[in-house]
Amino acid sequence: MTNKIDNNEKRLLLIDGNSIINRAFFALPPMDNGEGLHTNAIYGFMTMLFKMIENYNPSHISVAFDMKAPTFRHESYTDYKAGRKSMVSELAMQLKPLKKLLDSFGIYRQEIQGYEADDILGTVSLEGEKQGYKVFIVTGDRDAIQLASDVTTVLITKKGIGEVEEYNTQSVIERYNLTPTQFIDLKGLMGDKSDNIPGIPGIGEKTGIKLLTEYKTLEGVLENSDKLKGAQKKKVEENKEAAIMSKELATIIRSVPITYKLDDMKFGDFDEQVLIKNLQDLKFTSLISRITSFSSTNKDDQIIDIKKINSKSELETFVSSAKNYKKFAIKVFTRKDNILNKNIFKVYLAINSENIYVIEEDLIEDLKNILEDEEIEKIGYEMKEDYVAFRPYGIKIKNMAFDVSIAEYIIDSKTSTSYDIDSISNKYLYKKIKTKEELLGKGAKSIAFTDVKDEDLDDYANGIIKTVFGCIDIMKKKIKDDDMEMLYYDVEMPLVEVLADMEYVGICVDEEIVDRLGKEFDESIKSTAEKIHKLAGEEFNINSPKQLGVILFEKLELPVIKKTKTGYSTNAEVLEKLREKHEIIALITEYRSVVKLKSTYIDGIKQLINKNDGRIHSSFQQTIATTGRISSTDPNMQNIPVKTELGRQIRKVFVADRGMKLVDADYSQVELRVLAHMSGDEDMIEAFESGEDIHRKTASQVFNVEFDKVTPELRSAAKAVNFGLIYGKSDFGLAKDLNISLKKSKEYIENYFARFPKIKVFMDKIVEDAQISGYATTIFKRRRYIPEILSKNFIDKNRGKRAAMNAPIQGSAADIIKIAMVNVFNRLKEEELKSNLILQVHDELIIETYEDEIDRVKVLLKEEMENAVNLKVNLDVDLNVGDSWFETK
DNA sequence: CTTATCACG
DNA sequence: ACGTACGTGATAAGT
């Protein structure tokens with residue numbers, strides 16, 4: 001790591017410990033370490049300290065604390081600091097732990113009987129100046145501004161503890177029109193309420209500055225008091241003594257009799273392990289990763305030594321050692337280009353974290369044997385990328401054994417965080433490594449891997465490889481401890497290759513149909529828009545909820561049903577309620593739906609058709625959904641319309657290639673079957689065993705009518721309850737959905753649970769367990785942590801309960817189809833079929849098959865899906881074959 | 001970059 | 001009394 005700041009420069013950071021811990025305490029909300037110790041002030045102090053270290057790169061640090069004993073100021077003026085409240089216990093209890101933490105950080109501490117922290121800082125800073133240091137003083141107390149000079153910068157905290165204002169001689173003059181020394185005279189004149197220093201009554205900052213500009217010093221003002229006028233003159237003359245005493249009190253002593261050597265304040269030598277332990281005890285895990293860069297002992301081992309492999313013979317050396325170890329780590333970097341092209345420009349390989357090699361383009365093809373060697377384990381990070389990158393070279397990586405991103409996902413599939421390599425390094429190794437964002441920048445301004453300097457890419461790859469090797473054993477143990485070995489090694493890891501392959505193969509698109517539908521939709525949009533504008537009496541942007549709101553609720557004065565944070569709500573539910581009120585509503589609904597189809601599914605998909613093969617290569621994400629599901633992006637192939645006839649037309653664009661067919665297999669009611677299995681409810685299981693329509697069947701049981709006499713209304717009520725159940729829906733929601741009274745919906749739910757008692761028991765148990773353990777699990781031990789279930793916030797807590805009820809059901813269904821995918825994929829290979837698995841839509845798999853393989857594929861798909869697991873109920877799969885996705889229904 | 005809306009299981 | 005179904009991703013508007 002290069003350090004831009006000259007390391008030989010002596011830079012001394014001095015901190016007023018009491019002042020900063022006080023600020024921190026009042027600036028931050030309460031925190032504790034789980035054992036009754038309040039920690040917010042310590043945390044705030046440490047964040048501040050880290051920030052100062054990062055920003056000012058000190059070579060020496062000292063923190064000064066006040067002592068309880070009275071100081072010379074109390075002795076000379078008994079009212080000094082009178083009226084000040086003593087420290088509250090929540091803060092007082094944090095002082096000792098903070099001092100202990102600073103000690104383990106190797107930070108020098110000073111406390112001197114009879115003097116305040118201020119005086120220590122004043123004395124040490126003067127000594128520092130004499131010895132040629134640049135000095136930085138951090139405090140929340142503006143009195144310290146008197147210490148500012150050309151080489152001493154006083155940093156005054158503002159806005160809590162987040163930021164500081166910098167003062168040196170120059171900026172003090174700019175801000176106050178006074179020199180730092182005159183600042184003391186100012187205090188003498190105006191006093192200080194917080195320290196109970198009197199000063200001269202009636203003189204504040206403004207007048208004080210004015211007088212000092214004229215007479216330079218406090219003494220100057222007092223000597224010239226006869227030149228003052230009126231009340232001011234009187235006040236000054238009556239309070240001369242008070243003023244002189246005030247100045248004395250406000251003067252920071254710069255000659256405290258203490259023995260110390262500045263050398264003792266040298267920073268950077270500390271035992272990292274002890275510090276880490278102390279930070280862990282305080283539950284400050286987020287701070288741990290930041291310490292490594294401070295440690296002087298640590299800097300050496302961050303030297304990056306990556307050897308370049310230049311020739312086939314050099315590669316041979318690597319290959320033979322990889323064969324000996326039977327394992328190596330890999331990370332590939334590609335050009336941003338067509339997925340079907342040969343885009344790799346660098347491959348990093350490593351047998352252990354000390355020996356990392358890089359290979360460039362010319363030798364890539366020579367990696368085929370070792371990558372396809374089943375006997376050698378490949379480990380890495382986001383290995384799906386590596387697999388896909390090698391496909392254009394005719395290389396299919398075999399035995400991808402451990403991917404840290406997938407491991408971290410099953411260890412803790414938390415929401416809204418990605419499994420960035422640096423967070424993994426941070427969490428397991430407490431090491432800060434180069435982030436992708438640091439390497440490439442973020443957002444629109446980000447650059448490609450090809451645009452970064454070799455050293456920087458080396459640095460990034462080094463971080464990845466070291467993290468992979470560093471984490472693997474810890475993660476393996478965690479996976480074992482949490483009973484997830486089957487899930488990880490037999491499901492998730494084999495699935496990496498399956499998804500990579502699906503992505504690479506893609507799905508065929510008929511572009512003519514895309515264009516034809518596009519035109520049809522455009523015409524419909526145009527004519528509907530015209531009608532809407534005519535009815536509205538003006539042209540406006542129908543796509544803008546804001547403009548639409550003005551038209552509907554102001555111009556046409558329709559009743560406001562619902563509001564959003566920013567204005568009127570105009571969503572489908574609201575429009576449905578307004579449908580009868582104005583003929584414009586139906587048109588808007590129509591317009592909305594067609595615009596959605598056109599922009600998202602026609603225009604959106606057209607852009608993503610690959611120019612080489614005319615196919616769509618959607619990306620399947622394995623580490624996003626908290627429940628264990630797979631997600632799909634660019635485009636999302638899992639939300640292609642199906643519910644409305646018009647939307648379903650979109651499915652005509654997804655076709656089988658020439659001479660091929662699509663075989664579509666979907667599970668019938670997996671989630672309800674999972675529920676029947678997990679709860680063990682005999683009646684629910686029986687309902688499935690009968691093979692009848694499950695919603696009709698439950699309707700007949702819940703409403704106590706004969707199977708044949710179930711009306712469509714009763715069936716749909718039962719269906720709503722069935723689904724509501726999976727999500728932990730409330731009676732209120734059910735009433736709203738079915739448009740029935742709250743009383744009725746309560747009755748339905750009661751009947752339901754009375755009829756299927758074990759389901760109720762099961763649901764209650766899940767919630768209870770989650771409240772105790774903090775997580776919910778699936779049949780295959782996949783975990784979802786739900787901390788909010790213990791929240792004191794009613795809304796969060798209830799949301800947590802619903803998530804807990806849903807996770808085992810949605811998650812087990814996800815486990816099941818993942819197992820089926822792996823088995824289907826392997827079976828296709830074993831039977832040497834050329835057909836490919838190309839899509840997964842949560843409970844549905846699609847294979848593109850050659851016509852002469854159709855029958856075998858149908859059998860295989862049905863068998864593997866239905867036998868993926870053995871539950872208390874059978875799994876049932878429906879099969880459909882067609883030339884397009886539209887036809888497979 | 002966030003918000004509202006709407007597509008799917 | 002609270003607010004009211006879980007899980008995703010894409011687009012356009014507007015701050």
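Just so it is clear: chains get the letters A, B, ... in the order the sequence lines come, proteins before strands, and each one is counted from 1. This one's a predicted model, so the numbers in the text were calculated from it and none came from an experiment.
- Shown here for A/D412 and A/Y419, the closest heavy-atom pair between the two residues is O-OH, 3.1 Å.
- Atom pair A/I846:CD1 and B/dG9:P shows a separation of 11 Å (rounding to whole Å applied).
- Listed pair A/T566 / B/dA4 meets the phosphate criterion, a side-chain N or O lying under 4.0 Å from OP1 or OP2.
- In this structure, A/M805 atom CE and C/dC6 atom C1' are separated by 10 Å, rounded to whole Å.
- Taking the six-membered ring where the residue is Trp, A/Y785 and A/Y775 present perpendicular rings, their angle passing 60° and hence far from 30°.
- Comparing B/dA7, B/dA4, B/dG9 against the side chain of A/P545 picks out B/dA4 as the nearest.
- Between A/T564 and the phosphate of B/dT3, there is no side-chain N or O to OP1/OP2 separation shorter than 4.0 Å.
- Taking every side-chain heavy atom of A/D634 into account, C/dA10 is the closest of C/dC6, B/dA7, C/dA10.
- Cation-pi geometry between A/K760 and A/F753 is met: under 6.0 angstrom from the ring centre, within 45 degrees of the axis.
- In this structure, A/R802 is not positioned above the aromatic face of A/Y727 in the sense of NZ or CZ being under 6.0 Å from the six-membered ring centre and within 45° of the axis.
- A salt bridge links A/E492 to A/K818: at least one charged side-chain nitrogen sits closer than 4.0 Å to a carboxylate oxygen.
- Between A/E887 and A/R651 no salt bridge is recorded (no basic side-chain N to carboxylate O distance below 4.0 Å).
- Spacing between C/dC2 and B/dC6 at atom C1', rounded to whole Å, works out to 28 Å.
- When the side-chain nitrogen and oxygen atoms of A/T626 are compared with OP1 and OP2 of C/dT8, one or more of them lie within a distance under 4.0 Å.
- The backbone N or O of A/T435 sits less than 3.5 Å from a side-chain atom of A/E438, completing a donor-acceptor pair.
- Here A/R784 does not reach the OP1 or OP2 of C/dC6: none of its side-chain N or O atoms lies under 4.0 Å away.
- Taking only side-chain nitrogens and oxygens, A/S544 never comes nearer than 4.0 Å to OP1 or OP2 of C/dA12.
- The backbone N or O of A/L734 lies less than 3.5 Å from no partner atom in the side chain of A/Y748, so there is not a single donor-acceptor pair.
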Dot-bracket encoding per residue of DNA chain C, Watson-Crick/G-U cut-off under 3.5 Å, | denoting interstrand: .....|||||||||.
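- Residue contacts shown for A/V642 are limited to sugar-phosphate atoms, with no base heavy atom under 4.0 Å away.
- For A/D737 and C/dA5, a side-chain-to-base donor-acceptor distance below 3.5 Å is present, hydrogens and geometry of angles not being considered.
- Between A/I809 atom CD1 and B/dG9 atom P there is a gap of 18 Å when expressed in whole angstrom units.
- Comparing A/R629 and A/T633 by the nucleotide of DNA chain C whose heavy atom lies nearest to each, the residue mapping closer to the 5' end is A/R629.
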Could you go through A/L837 and A/D501, starting from their C-alpha distance and side-chain angles, then the distance that decides it, and tell me whether this counts as side chain to side chain contact (heavy atoms under 4.5 Å, CB included)? CA-CA 8 Å; A/L837 191 54; A/D501 224 62; over 6 Å; no
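- Considering only side-chain atoms of A/F794, the nucleotide from C/dC2, C/dG7, C/dA12 that sits closest is C/dC2.
- Distances shown here put every side-chain N or O of A/S631 at or beyond 4.0 Å from the OP1 or OP2 atom of C/dG7.
- Both A/N798 and A/N639 sit near DNA chain C, but only A/N798 has its closest nucleotide nearer the 5' end.
- Backbone-only engagement by A/Q547 is indicated by non-hydrogen atom pairs under 4.0 Å involving sugar-phosphate atoms exclusively.
- For the C1' atoms, the distance from B/dC8 to C/dA5 is 15 Å, rounded to whole Å.
- A/Q840 places its CD atom 18 Å from the P atom of C/dG7, with the value rounded to the nearest Å.
- Contacts of A/A813 with the nucleic acid, taken as non-hydrogen atoms under 4.0 Å apart, are absent.
- Listed pair A/N541 / C/dA13 meets the phosphate criterion, a side-chain N or O lying under 4.0 Å from OP1 or OP2.
- Contacts of residues 719-735 of chain A with DNA chain C (heavy atom under 4.0 Å): A/F723, A/G724, A/Y727, A/K729, A/S730, A/F732, A/G733.
- A/H695 places no side-chain N or O within 3.5 Å of a backbone atom of A/A718 that could act as its donor or acceptor partner.
- Following rounding to the nearest Å, A/H842 (NE2) and B/dA7 (C1') show an atom-to-atom distance of 11 Å.
- Distances were taken from every side-chain heavy atom of A/R651 (C-beta onward) to each of B/dC8, C/dA12, C/dT8; the shortest belongs to B/dC8.
- Residues A/I846 and A/V663 have side chains not in contact (no heavy-atom distance under 4.5 Å, counting atoms from C-beta outward).
- At whole-Å resolution of the value, CZ in A/R802 and P in C/dG7 are 9 Å apart.
- Put simply, CD on A/E576 is 16 Å from C1' on B/dT5, counting in whole angstrom units.
- The side chain of A/K546 places an N or O atom within less than 4.0 Å of a non-bridging phosphate oxygen (OP1 or OP2) of C/dT15.
- C/dA10 atom C1' lies 15 Å from atom NZ of A/K598, rounded to whole Å.
- With A/N867 contributing its side chain and A/E863 its backbone, the two residues share a donor-acceptor pair below 3.5 Å.
- At a threshold of 4.0 angstrom between heavy atoms, the contacts of A/K565 are confined to the sugar-phosphate backbone, with no base atom among them.
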